[in-house]
Amino acid sequence: MSVQQAFPGAPALPGTEALQRSAPGQLGRELDRMLASLNGPQRQAVVHEGGPLLIVAGAGSGKTRVLAHRIAYLLGARGTQPGEILAITFTNKAAGEMKERVATLVGPRARAMWVSTFHSMCVRILRAEAGKLGMKSSFTIYDQGDSVRLMTMVARDLDLDAKRYPGRSLAAQVSNLKNELIDEEAYVPGTAPEKVLAEAYKLYQQRLRQAHAMDFDDLIMTTVHLLQAFPDVAEHYRRRFRHVLVDEYQDTNHAQYVLVRELVGTGTGPVPPAELCVVGDADQSIYAFRGATIRNIDEFERDYPQATTILLEQNYRSTQRILRAANQVISKNTGRRPKNLWTDAGDGELIEGYVAENEHDEAAWVAEQIDALVDEGTVKPKDIAVFYRTNNASRVFEEVFIRVGMPYKVVGGVRFYERKEVRDALAYLKVVANPADVVSLRRVINTPKRGIGERAEACIENFADRERIAFANALRRCSEVGELATRSLKAIQEFVALLEEFEQLVETGSGPAALLESILDRTGYLAELQASTDPQDEGRVDNLNELISVAAEFEAASPGGTVTDFLEQVSLVADADQIPVAGDDAGVVTMMTLHTAKGLEFPVVFLTGLEDGVFPHLRALGDPRELEEERRLAYVGITRAQQRLFISRATVRTSWGQPAYNPPSRFLDELPGDTVQWAGKEPAPAPSTGYRSAQQRVAATGLSTGGLRGGAGNRAVIAVDVGDRVSHDAFGLGTVVEVSGAGDKAQATVDFGSGGTKRLVLRYAPLVKL
DNA sequence: GTCTACGAAGGCTAG
DNA sequence: CTTCGTAGAC
C-alpha cells in the first residue's frame with residue numbers, strides 16, 4: 001500500500017469557475033465539512049489522484065459514502081466535468097441513490113454523469129453504436145426465460161434428445177461461455193457433448209440475430225467485442241470517461257473485468273488511461289454461480305501494477321458482538337486477505353438463537369420476536385428484515401405473518417416481471433416494437449387461445465423456411481401457404497390484423513401505457529381473465545393493472561420514451577430495486593434472500609434456516625469451494641445487522657414434499673460461543689419434550705395459528721423403499737437395502753458403499769431421499 | 001386440430 | 001410443490 005498524501009486541509013478549487021460563480025466560497029466550505037466527516041482511510045480514498053485505486057471495503061465501512069464523496073470531490077475540487085464520470089453500481093436503485101447524493105452536493109449538473117449498472121451501461125452503448133454491429137438500435141433484450149425458450153427451439157431444430165440436452169442446460173452453458181468472452185466462433189469443442197453445444201451455440205446466435213435480440217450475457221460480451229473491434233469507438237468512450245468507478249468489484253465476471261479494462265484503456269493510444277477506482281470486498285463475493293470471480297479483486301494489483309490499495313476496516317453499522325461473530329465465521333475461509341472489522345459502537349446485545357421443531361415453528365418464533373420488539377416500541381417493522389437462503393422459504397413466513405397481521409413485503413421471489421400474465425403482455429409489446437422477435441411472437445400467437453395451434457404454426461414455419469423469409473413475414477403472407485385449414489387461416493389473418501392495429505397505434509404516437517391497454521382489451525386477454533372463475537386470475541388482473549401503472553409512470557418520468565425504452569427499463573430491473581423506500585411511517589417487515597440483502601442494512605435481522613442442506617445449501621456440501629461461497633453468504637447475512645441479530649434453524653423441515661431432518665448448520669459451530677444466547681434450550685439435534693414450541697405459544701397468546709400444517713403432533717417420517725438412493729450427511733450416498741418398522745419406529749438398512757452398511761432410525765437419521 | 005387433464009420430472013442464488 | 005410434456009377428449 002502506498003503512502004498517501006495527507007489530507008490537504010482546505011483544498012483549492014481548480015477549474016470549477018462556473019460553480020464558484022454561482023456559489024462563491026460555499027462549495028469550498030461544503031467540501032471541507034465533507035472531508036472532515038470521513039476517517040483517515042476514507043479521506044485518502046476520496047482525494048486519491050492518479051493511478052488505479054482499489055478500495056477494500058469491509059462490510060459497513062461506509063464504501064457507498066466514500067464513492068459518493070469521491071465523485072463529489074472530483075466535481076467540486078478537481079475540476080472534473082460530470083460527463084467525464086462513469087460509475088457502475090450493482091443495482092439501478094443504488095445508481096439512483098448515488099446520483100441523488102451527488103446532486104445534493106453539486107446540484108443538477110450531476111445529471112450528465114453516467115451512473116448505472118453494467119447491463120444498463122452496455123445497452124446504452126450498444127443502442128448508440130448498433131449500426132456498427134449491423135443491428136437495429138431497437139433490438140430486444142432477452143431475459144433468461146426467453147433465452148431458454150429460444151434454446152429449446154434450437155435444440156428441437158437440431159433434433160437433440162431433450163433429455164440429454166435440455167434447453168435450460170444448453171442456455172446455461174452458453175451463458176458461461178459468454179461470461180468468459182468466448183463467442184460461437186471462438187469456441188473450440190473437445191468432447192462429443194461439447195460439439196453438440198457448439199452446434200446449438202451457433203444456431204442460437206443466428207436466431208438471436210434474426211430476431212434482432214440480445215440476451216443478458218450478449219450485452220456485456222458484445223460491448224467488449226465492439227470496443228475491441230472498433231478502436232475509434234473505444235477511443236470515443238475513453239476520451240469521454242476520464243473517471244471510471246466500479247462498485248461491488250468482487251462480483252464482476254471475466255467479461256465485466258475486460259470491459260472495465262477496455263473502457264479505462266492502457267494509454268498506448270492517443271488517450272491516456274482513465275482514473276480507475278474500484279470498491280469491493282472479497283469476503284462478500286457471492287455470485288460465483290454467474291461467473292463472478294474473486295480473482296478480479298485479489299489480483300487487482302497485478303492487473304494494474306501502479307495500483308494503490310486502501311483498506312477500510314472501521315465499521316459504522318454493527319455492534320462489536322455482531323462483528324466478532326462475522327469475523328470468526330469468515331476466518332474459516334482459506335486463502336483470504338486477512339481483515340478485521342472493528343467498531344467503537346460497543347458490544348451490544350447477544351445474538352439470539354432458536355431451535356425450532358419445524359419451519360412453521362421457526363416462522364412463528366420470528367413473528368413472535370418481531371411482535372415483542374415492535375411492542376417494546378424501540379423498533380418499527382421497517383427496521384426489520386428476515387433473510388433466507390432460497391426464495392421458496394418465504395412462503396411459510398408469509399403464512400404466519402398474514403395470520404398474525406404483521407405487515408411485510410417479500411422482495412424478489414416469483415418476480416413481478418416473471419409472472420405469466422406480465423410476460424404475455426410484455427411479449428405483445430416486444431412484438432410490436434420488434435416484429436422480428438420470434439420468441440415473443442410465438443409466445444403470443446395463440447395467447448389467449450384463438451385457434452392457431454401447433455399444426456398451423458408448423459405450416460407457417462415451413463413456409464418461412466421455403467421462402468427464406470422471416471416468421472413474421474410468413475404470417476403476413478399466410479394466404480399463400482396453401483396447406484393451412486381455412487379455419488386456421490382465418491385465425492391467423494385476424495391475428496395479423498390485430499398486430500397491424502397495434503403498430504398503427506405506435507405510429508400515431510401512443511405511448512406504452514395506451515398501447516398496453518389497447519392490447520389487453522383488443523386481444524380479449526383481460527376479458528378472459530375477468531370472466532374466469534379461477535381465484536388466481538383475479539390477482540392476474542391486478543398485476544396487469546399494475547403493469548399499466550408502471551407504464552404510465554414511465555411515461556410521466558421520461559416524456560417521449562418509446563416502447564423500446566420502456567421494455568429496456570423493465571428488463572433490467574433487479575430484485576433489490578424493489579426494496580420499499582424508508583418513509584416516516586412504521587413501514588413493513590422486509591423479507592428477501594441473502595443474495596438480495598447484499599449492500600443493505602437493517603437494525604434488526606433474522607437469519608433463518610441455519611441447517612446443513614439448507615444453508616449451506618445441499619449442493620454446496622460436497623464442494624469446499626462452494627462451501628466457502630456459502631460462508632461468505634453467511635458473512636454477508638450477519639453483517640447486515642446493525643443492532644440485533646436473531647438466528648434460527650428447524651429440526652425438521654418439509655422439502656420437496658418430504659420431511660428432512662437437517663443437522664445444524666456448520667456455520668453455527670463457527671460462531672464464538674459467547675456471542676449467542678440460545679432460546680428455550682441448547683442447540684441439540686433432537687427436539688426435547690416438555691417445552692412449548694413457538695407455534696404453541698403463538699396459539700396460546702391468541703395469535704391464532706389456524707391450520708398450520710406439519711405441527712408437532714403430526715410428525716412425518718421420511719419414506720424410503722428398498723432400492724431408493726439416499727444421501728446421509730455423514731455417510732454420503734447410499735442405497736436402501738432393507739426397510740422395517742413403521743411410523744416413528746421405521747428403520748432402514750442402507751448400503752453406503754465404502755462407507756459401510758448402516759441401520760438407521762428414519763425418525764432421526766439426517767437422510768435425504770434422492 | 002385444438003384444448004384440457006393428468007403424470008412425470010426437476011428443484012438455488014440473479015441482471 | 002411447481003412446471004413441463006404428452007396423452008386422450010371435444
Side-chain angles (χ1 to χ4, degrees), chain A residues 88-95 116-123 141-149 152 156 162-163 166-169 172 175 178-179 214-220 248 251-253 255-256 285-292 387-396 411-415 417-418 420 446-459 483-489 491 568-577 592-598 609 613-621 626 629-630 632-633 636-637 654-658 709 768 770:
Chain A
I88 301 168
T89 58
F90 198 64
T91 63
N92 296 300
K93 189 168 185 259
S116 66
T117 62
F118 270 107
H119 290 87
S120 305
M121 173 190 78
C122 288
V123 170
I141 299 165
Y142 277 3
D143 64 21
Q144 192 178 314
D146 297 323
S147 304
V148 169
R149 206 160 297 117
T152 308
R156 206 176 297 144
K163 290 258 155 46
R168 205 186 142 79
S169 151
S175 168
K178 289 180 178 176
N179 287 337
M214 294 208 195
D215 66 25
F216 272 133
D217 308 294
D218 277 334
L219 297 177
I220 313 283
E248 309 285 10
D251 286 325
T252 52
N253 59 35
Q256 292 164 333
S285 166
I286 54 174
Y287 283 106
F289 69 87
R290 63 177 205 211
F387 300 155
Y388 33 79
R389 176 65 178 79
T390 59
N391 275 309
N392 58 8
S394 71
R395 229 191 74 235
V396 186
V411 179
V414 185
R415 287 183 286 286
Y417 293 108
E418 280 171 21
K420 183 188 176 300
N446 202 27
T447 318
K449 301 272 178 276
R450 51 171 71 90
I452 308 175
E454 208 180 314
R455 179 69 205 269
E457 220 183 304
C459 287
E483 50 199 340
L484 277 171
T486 330
R487 226 176 120 115
S488 310
L489 182 64
E568 172 186 323
Q569 182 188 294
V570 153
S571 25
L572 297 178
V573 289
D575 276 356
D577 291 335
M592 67 187 95
T593 65
L594 284 151
H595 282 88
T596 306
K598 200 184 58 150
V614 175
F615 184 28
H617 194 270
L618 188 65
R619 303 254 308 239
L621 289 180
E626 285 193 44
E629 173 128 333
E630 298 282 317
R632 289 193 290 270
L633 203 48
V636 167
T654 309
S655 52
W656 314 335
Q658 296 243 333
R709 287 156 296 136
V768 179
L770 299 176

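Protein chains get the first letters and strands the later ones, always in sequence-line order, with residue 1 at the start of each.
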- Outermost nucleotides of DNA chain B that come under 4.0 Å of a non-hydrogen atom of chain A: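 Footprint of chain A along DNA chain B, 5' to 3': B:dG1 to B:dG15.
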Base, sugar-phosphate alone, or nothing: which one does [X] contact when heavy atoms must sit under 4.0 Å apart?
X      : value
A:E454 : sugar-phosphate
A:S120 : nothing
A:S488 : sugar-phosphate
A:N446 : sugar-phosphate
A:R487 : nothing
A:F90  : nothing

- Grab the two heavy atoms, one from A:L633 and one from A:R389, that are nearest each other, plus how far apart they are.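 Minimum heavy-atom contact is CD2-NE, 3.6 Å.
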- Query: Do NZ/NE/NH1/NH2 and the carboxylate oxygens of A:R290 and A:D251 come within less than 4.0 Å?
  - Reply: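 Judged by the 4.0 Å cut-off on N to carboxylate O distance, A:R290 and A:D251 do not form a salt bridge.
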- side chain to side chain contact (heavy atoms under 4.5 Å, CB included) with A:N253: which residues, sequence neighbours excluded?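 Testing A:N253 for side chain to side chain contact (heavy atoms under 4.5 Å, CB included), a comparison that skips the adjacent residues, returns A:N179, A:A255, A:Q256.
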- Can a donor-acceptor pair be found between the side chains of A:S175 and A:D217 at a distance below 3.5 Å?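 There is such a pair between these side chains.
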- Message: Nearest heavy atom decides the nucleotide; on that basis, is A:A485 or A:L633 closer to the 5' end of DNA chain B?
- Response: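 Looking at DNA chain B, the more 5' nearest nucleotide goes with A:A485.
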- Task: Nearest-nucleotide wise, let me know which of A:K449 and A:H595 is further upstream toward the 5' end of DNA chain B.
- Result: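 First, find each residue's nearest nucleotide; the 5'-ward one identifies A:K449.
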- Could you tell me which residues satisfy ring-ring contact (aromatic ring centres under 6.0 Å, His included) with A:Y287, sequence neighbours excluded, listed by chain and number?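 With sequence neighbours excluded, A:Y287 shows a ring-ring contact (aromatic ring centres under 6.0 Å, His included) to A:F90, A:F289, A:H595, given in chain and number order.
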- Task: With rounding to the nearest 0.5 Å, note down the distance linking OG1 in A:T447 to NZ in A:K420.
- Result: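 A:T447 atom OG1 to A:K420 atom NZ measures 6.0 Å (nearest 0.5 Å).
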- Rounded distance in Å between the C1' positions of B:dC12 and C:dG5: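 Between the two C1' atoms, the distance is 24 Å.
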